[in-house]
Amino acid sequence: MRTPWTKTLLYVLLTICAALVLYPVLYTFFMAVMTPEDASAYPPHIIPQSIDLSNFTEVFDIVPIGSFIGNTFLVAGLTMLGQLVTASMAAYAFAKMEFKGKNVIFSMFVATMMIPWEVTMIPNYLTVRSWGWLDTYQGLTVPFLATAFGTFLLRQFFMQLPKELFEAAKIDGCGHIRYFVSHVLPLSRPALGTLAIYSFLSMYNSYLWPLLVTNTPEMRTVQIGISMLEFQESTAWNLVFAGTALVILPSLLLLVFGLKQLVRGMAAGALKG
Amino acid sequence: MSELDNRIGLPAARRRVWGTSQRRTASLRVQRMRENMLAYGFLAPSLLLFAVFLFYPMFKSVYLSLHSTDPTGQIAAYVGLDNFKAVFQSGLFLQGMKVTLLFVLFTVPTGMLAALILAALTHNRFKGMRIFQFVFSLPVVLSVGSSAVIWKFLFHPTLGMLNYLLGKVGIDPIPWLTSPDWALISISIMTIWMNLGFNYIILSSGLQGIPDEIYESAKIDGAGPLLTFRKISMPLLSPTLFFVTVVSIIGAFQSFGQINILTRGGPMDSTNVFVYSIYQEAFVNFRFGTGSAQALILFAVIMLLTLIQFKWVERKVHYQ
């Protein structure tokens, strides 16, 4: 059996590792509350000498971080809703309906997961531009409204629902549409929650596509906005970090409340592989 | 006919079916057609979006790669395989390939090993493990954008925390992002940190999937923790490890954000990975033809890697 000594060793080891992993995030929050003098001092302060919350208001003056965050929440929220609708409908068809060409269409969905997104990036950019969708919300969201991964995730869940449930509903005169809306969807809340968190987070964090299709500061998302902040050499470090702290805060909150859902979604992805 | 009725075999229901079989097949056909239409309706939104933003672009990529374009993206002329030839002949492709493979080599084994050790160390019921699990999962929610910005400051040559701390223990400052020898290593360190959360979560849930009874019997047989891990956890974890390997390698091939923010491919192209050179070709130099050719090569490489991994690694993977 393990002795208390090895247990202590384990805790010490884990604490060191945790400190290393956590340090960049802690550093961000420490820098975010430092005064400009503290932040640019040499030797650098590891822990802030005083707490100065004015950075958070000041960063709003130098960049429209409010509209960055607003844009990103809107884009991520719209994409999340769109993915939930398209994926749950497609998943229902695959899981609960019989139709011609089911296997062919299903393997087509499988195939889409093999295509790296970068291959479609150039044509998609040209398409979106030719429709005049640069610097618009539809340009940022529409290409991502369908998801093969989400469809799989939900299909797996829908298939686990007992067959007897549908039989009973059918006897009560319930058709596919009503069964889907009033039985399958409410029963699938955990799976829908997983997909919601997953798609919100991946849109919130996306970088390359928003970089391509947005040019005006008003349409930028946080990830682009925050990296632009850093390129202005004159910007004080404490302000950059105040902005970064504001940007990562929603993600961290999502982790606190949605870790379980997130883990479930990833485990589903792993099973698929 | 419902399955439930079949199973119970209600005599009343049977008789009704025999009596009205003619009408029944006709109405069944109508019903089946209606279900077909409804199913297509349910699939329509996804299929339409895939058609416009996935299947069409695949063909368009092939088309673009065979043509030269003007800076606005209009087709200028058919050039056959010249774009591919140009990509292969320019030193940039070989350089990009080399950098990407090095990047895979730096990030994938180290990142997986770190995540595996942490997952194994936190796989127990001791007090406080929840906190450690939370911390090690944390990087998964951080985006490449904000992570890269944070690390850019940590890597700062004079004011950065890393060089300061190294100085404390008597090590000379390292030119993290400014030296061609160090830039890719620095980006790899940042990438390993960023991917730790994902790898840790997947490997942890893989470990949790191994039934307790197996550990119990190993303990009864007198196996120590290390032997148990090597002889029981590792083989049973191999499908998960396999998945993480595939995903990590493909992820490394697709890296872009951290390179764009930290080094912009430099210094001296030492961090010019595949996707970054596609981006530069298409959206900085506005050569969509050669950009598409590069993108298709990336596609082929990723496909090949996936196939090789499935062919060679899966044979050795132990499924429970």
Side-chain angles (χ1 to χ4, degrees), chain A residues 7 10 13-14 17-18 21-22 24-25 27-28 42-44 86 89-90 92-93 97-100 105 112 114-116 118-120 122-124 126 143 145-146 151 163-164 167 170 176 201 204-205 207-208 212 223 226-227 230 237 240 244 247-248 251-252 254-255 259 263 266-267 270 273, chain B residues 2-4 35-36 38-40 42-43 45-46 49-50 53-54 57-58 60-61 64 73 118 121-122 132 134-138 141-146 149-154 159 161 164 196 201-202 205 240 243 246 254 256-257 261 275 278 282-283 288 291-292 295-296 298-299 302-303:
Chain A
K7 203 169 160 181
L10 176 74
L13 203 65
L14 283 175
C17 293
V21 172
L22 206 55
V25 179
Y27 176 68
T28 307
Y42 196 88
T86 58
M89 283 169 68
Y92 182 83
M97 294 169 105
E98 288 309 322
F99 56 94
K100 246 188 213 136
I105 300 177
T112 64
M114 302 281 271
I115 304 175
E118 287 74 13
V119 181
T120 61
I122 295 170
N124 277 343
L126 295 175
L145 288 186
T151 308
K163 244 189 174 131
E164 288 74 20
E167 302 301 343
K170 215 168 166 186
H176 274 297
L201 202 64
Y204 188 83
N205 288 342
Y207 180 79
L208 182 48
L212 295 181
Q223 306 306 336
I226 211 69
S227 52
E230 174 266 326
W237 283 29
V240 176
T244 311
V247 168
I248 64 176
S251 315
L252 292 179
L254 209 61
L255 184 70
L259 182 61
V263 169
M266 287 175 178
Chain B
S2 80
E3 215 180 58
L4 206 67
E35 179 153 332
N36 263 309
L38 196 64
Y40 295 140
F42 270 47
L43 289 171
S46 293
L49 284 160
F50 284 148
F53 295 106
L54 262 164
M58 277 306 287
K60 184 81 185 279
S61 275
L64 279 172
L118 292 177
L121 289 181
T122 52
F132 290 118
F134 180 82
V135 170
F136 299 140
S137 312
L138 189 139
V141 292
L142 298 179
S143 70
V144 64
S146 20
V149 170
I150 297 171
W151 280 84
K152 183 145 196 177
F153 285 89
L154 288 172
L159 299 172
M161 204 44 107
Y164 171 72
L196 181 74
I201 288 179
I202 300 286
S205 39
T240 316
F243 170 77
V246 176
Q254 292 176 300
F256 171 79
I261 293 170
V275 177
I278 297 176
F283 300 105
F288 295 108
S292 294
L296 286 174
L298 172 77
F299 180 47
I302 288 183
M303 280 295 247

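Values reported hereafter were calculated over all heavy atoms of this structure, with side chains retained and with hydrogens, waters and symmetry mates removed. Sequence lines set the chain letters: A, B, ... in the order given, protein chains first and strands last, and positions in each chain run from 1.
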Restricting to non-hydrogen atoms, name the atom on Val119(A) and the atom on Met58(B) that form the minimum distance, rounded to 0.1 Å. CG1-SD, 3.7 Å
Looking at every heavy atom in both Ile248(A) and Ser146(B), which two are closest together, and how far apart are they? CG2-OG, 3.5 Å
Tell me whether Asn205(A) contacts the main-chain N or O of Val144(B) through its side chain, where contact means a donor paired with an acceptor under 3.5 Å. no
All heavy atoms of Lys60(B) vs all of Pro123(A), minimum pair found to be CG-CB, 3.7 Å
Any idea how Phe256(B) and Tyr207(A) line up, ring-wise: parallel (<30°), tilted (30 to 60°), or perpendicular (>60°)? tilted
Could you pull out the closest heavy-atom pair between Glu35(B) and Met97(A), with the gap in Å? OE2-CA, 3.4 Å
Heavy-atom pair of closest approach, residues Thr86(A) and Ser46(B): O-OG, 3.4 Å
Which answer fits Ile122(A), side chain, backbone, both or neither, if we ask what part of it has an atom under 4.5 Å from a heavy atom of chain B? both
Which heavy atom of Tyr40(B) sits nearest a heavy atom of Lys100(A), and at what distance? OH-O, 2.7 Å
Non-hydrogen atoms of chain A under 4.5 Å away: do they reach the side chain of Leu54(B), the backbone, both or neither? both
Side chain / backbone / both / neither for Leu142(B) at chain A, heavy atoms under 4.5 Å: both
So which of Thr120(A), Leu255(A), Leu201(A) has the largest heavy-atom pair count under 4.5 angstrom toward chain B? Leu255(A)
Report which part of Leu126(A) has an atom under 4.5 Å of a heavy atom belonging to chain B: side chain, backbone, both, or neither. side chain
By side-chain contact (heavy atoms from CB on, under 4.5 Å), which residues pair with Gln254(B), not counting sequence neighbours? Pro116(A), Glu118(A), Ile250(B), Ile302(B)
For Phe42(B), all residues meeting ring pair (Phe, Tyr, Trp, His ring centres under 6.0 Å), sequence neighbours excluded: Tyr92(A), Phe180(A)
Ranking Leu145(A), Leu212(A), Ile105(A), Val247(A) by heavy-atom pairs under 4.5 Å to chain B gives rank one to Leu212(A)
Could you walk me through whether Leu38(B) and Phe99(A) pass the side chain to side chain contact (heavy atoms under 4.5 Å, CB included) test, one step at a time? CA-CA 9 Å; Leu38(B) 196 64; Phe99(A) 56 94; over 6 Å; no
Is Leu138(B) close to chain A through its backbone or its side chain, or both, or neither, when contacts mean heavy atoms under 4.5 Å? both
